[in-house]
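What follows is one structure encoded as structure tokens, with my remarks underneath.
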Amino acid sequence: MLRQAKDFRNYQLRARDGDIGRAEEFYFDDRYWTVRYLVVETRGWLSGRQVLISPYALYKVDGPEKVLPVSLTKKQIEDSPSLNSDQPVSRQFELDYHGYYRWPYYGYGTELWGPYALPSQNNEARRDAHLLEKQSWDPNLRSTKDVSGHTIQALDGPIGHVEDFIIDDETWTIRYLVVETKNFWPGKHVLVSPQWVQRVSWSEKTVFINLTCELIRQAPEFSPETLSRDYEHQLFKHYDKSGYWIDEPVALKR
């Protein structure tokens, strides 16, 4: 299911033996635009360090109860490798983190989540991790909090800025950037897929989109109430693009 990143602040992360906090922001990689960690606001618990939860540890979101179940105990989380809040996520930390939980590191293998396409397949991945080819890529993790506010630059000019993100809670892929266009078309929000991103200048805080301003201006307007597969069909048809859902696997029930 697709959810706005800011909505997760209303969801309680629940470990096997109690609540641990709420998702304050997300770290995603700049290759696949996939969430690799949820940054947990623990409200005093484990103060002085960032608490990161990988989608490997998450069960299916409980929408009605606004709960995000975590398949770990609080003690497991407390004993996990520590990351100071003022330090970036290094590759060594990630290797230590995944090694501690015995999860395959997503940077090895050819699929979105290392050897598999979905984080929900991690039980199989643990058994098969030793069979992975030693292919790797070095991800650069970005924070949704930091990227919010970046300028969206179309082929022929700026169109607005990043206001939020639409996240698929099965694959944990960022499906869309929510673009606020108030400086150009007052009050209108539009969605832009990372598939249409030409490049990103992180230093200039600018996302370059391979679309024209006029084409984006005529796109179906976005509001939380419109977010559905029917709306997505209209959006991709407008841009004459193929939907991402056509060839993707279906998440396993957990």
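Predicted model, so just to flag it, every value in this text is computed and none were measured.
The backbone N or O of K66 lies less than 3.5 Å from no partner atom in the side chain of Q12, so there is not a single donor-acceptor pair. Remark: the backbone N or O of E204 is paired with a side-chain donor or acceptor of T206 at under 3.5 angstrom. A donor-acceptor distance shorter than 3.5 angstrom exists from the side chain of K188 to the backbone of R217, with no hydrogens or angles considered. Using modelled atom types, one side-chain atom of Y231 and one backbone atom of P220 make a donor-acceptor pair closer than 3.5 Å. Judged by distance alone, with hydrogens and angles left aside, the side-chain atoms of D19 form no donor-acceptor pair with the main-chain N or O of G21 at under 3.5 Å.
Listed here is the closest heavy atom pair of C213 and G157: SG-O, 3.5 Å. Across L235 and A219, no two heavy atoms sit closer than the pair CD1-CB, 4.5 Å. The shortest heavy-atom contact between I77 and S80 is O-OG, 2.6 Å. Taking all atoms of both residues into account, the shortest heavy-atom contact from S54 to W113 is OG-CZ3, 4.5 Å.
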Donor-acceptor contacts under 3.5 Å from residues 146-154 side chains, at least two apart:
{"from": "S148", "atom 1": "OG", "to": "T144", "atom 2": "O", "distance (Å)": "2.8"}
{"from": "H150", "atom 1": "ND1", "to": "V147", "atom 2": "O", "distance (Å)": "3.2"}

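Between Q92 and S90, the side chains place no donor N or O within less than 3.5 Å of an acceptor N or O (distance only, hydrogens not considered). Side-chain contact, D230 with Q234: no donor N or O sits under 3.5 Å from an acceptor N or O. Between the side chains of E221 and H189, not a single donor N or O lies within less than 3.5 Å of an accepting N or O.
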Would you sort out whether T173 and V35 count as a side chain to side chain contact (heavy atoms under 4.5 Å, CB included), showing the intermediate values?
CA-CA 6 Å; T173 302; V35 170; over 6 Å; no
Does L38 form a side chain to side chain contact (heavy atoms under 4.5 Å, CB included) with L58? I'd like the steps, not just the answer.
CA-CA 10 Å; L38 288 73; L58 300 178; 3.8 Å; yes
L141 vs R36, test: side chain to side chain contact (heavy atoms under 4.5 Å, CB included). Steps then yes/no.
CA-CA 8 Å; L141 298 185; R36 300 305 179 180; 4.0 Å; yes
Let's go through Q218 and H238 carefully: what are the C-alpha distance in whole Å and the side-chain angles of both, what is the deciding distance for side chain to side chain donor-acceptor pair (under 3.5 Å) to 0.1 Å, and is it a yes or a no?
CA-CA 8 Å; Q218 295 179 2; H238 169 76; 5.3 Å; no
Please test H98 against Y105 for ring-ring contact (aromatic ring centres under 6.0 Å, His included), starting from the C-alpha separation and ending with a verdict.
CA-CA 6 Å; H98 286 77; Y105 178 52; 5.4 Å; yes
Does the side chain to side chain contact (heavy atoms under 4.5 Å, CB included) test come out yes or no for D29 and N140, once each step is laid out?
CA-CA 6 Å; D29 72 74; N140 292 307; over 6 Å; no
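At a threshold of 4.5 Å between side-chain heavy atoms, the hydrophobic network of Ile, Leu, Val, Met, Phe, Trp and Tyr places W245 and L177 in one connected group. Note: the hydrophobic cluster containing L227 does not contain M1 (ILVMFWY, side chain heavy atoms under 4.5 Å, direct or indirect links). The hydrophobic clustering, which links ILVMFWY residues whose side-chain heavy atoms are closer than 4.5 Å, places V67 and V70 apart.
Separation of atoms CD1 (I20) and CG (L13) is listed at 5.0 Å; rounding is to 0.5 Å. Going from atom CG of L83 over to atom CG of L52 covers 5.5 Å, rounded to the nearest 0.5 Å. Remark: T34 OG1 to I167 CD1 distance equals 10.0 Å, nearest 0.5 Å. Between the CZ atom in R16 and the CG atom in L72 there is a gap of 8.0 Å [rounded to 0.5 Å]. In this structure, CD in E25 is found 9.0 Å from CZ in R9, a value given to the nearest 0.5 Å.
Residues that satisfy the side-chain contact (heavy atoms from CB on, under 4.5 Å) test with Q195, not counting sequence neighbours, are S193, F236, Y244. Here Y97 pairs with Y37, F93, Y101 under the ring-ring contact (aromatic ring centres under 6.0 Å, His included) rule; sequence neighbours left out. Evaluation of the side chain to side chain donor-acceptor pair (under 3.5 Å) rule for Q4 yields D164 as partners, not counting sequence neighbours. Judged as a side-chain contact (heavy atoms from CB on, under 4.5 Å), and not counting sequence neighbours, the contacts of D79 are K75, Y100. Take F8 and apply the ring-ring contact (aromatic ring centres under 6.0 Å, His included) test, not counting sequence neighbours, and it matches Y11, F26, W172.
E78 has its side chain within reach of L46: a pair of non-hydrogen atoms, C-beta onward, lies under 4.5 Å apart. Side-chain contact between I209 and L155 is absent, with no heavy-atom pair separated by less than 4.5 Å. Within the 4.5 Å cutoff, the side chain of I174 has no heavy atoms near those of the I166 side chain. Between D62 and L68 the shortest side-chain heavy-atom distance does not fall below 4.5 Å. Between L211 and I159 the shortest side-chain heavy-atom distance does not fall below 4.5 Å. Within the 4.5 Å cutoff, the side chain of R175 has heavy atoms near those of the L2 side chain. Side-chain contact between P104 and Y56 is present, with at least one heavy-atom pair separated by less than 4.5 Å. The side-chain heavy atoms of V179 and V162, taken from C-beta on, include no pair separated by under 4.5 Å.
Taking a 6.0 Å sphere around CD of E65, one finds it holds 12 or fewer heavy atoms contributed by other residues, nucleotides or ligands. Within a 6.0 Å sphere centred on CG of N10, heavy atoms belonging to other residues, nucleotides or ligands number more than 12.
W196 pairs with exactly one of W33, F208, Y239, Y176 by the ring-ring contact (aromatic ring centres under 6.0 Å, His included) rule, that one being Y239.
Salt bridge K74/D17: absent, no basic N to carboxylate O contact under 4.0 Å. Between E94 and R91 there is no salt bridge, since no side-chain N of the basic residue sits under 4.0 Å from a carboxylate O of the acidic one.
Within the cation-pi definition used here (under 6.0 Å to the ring centroid, within 45° of the axis), R142 does not qualify as a partner of F28.
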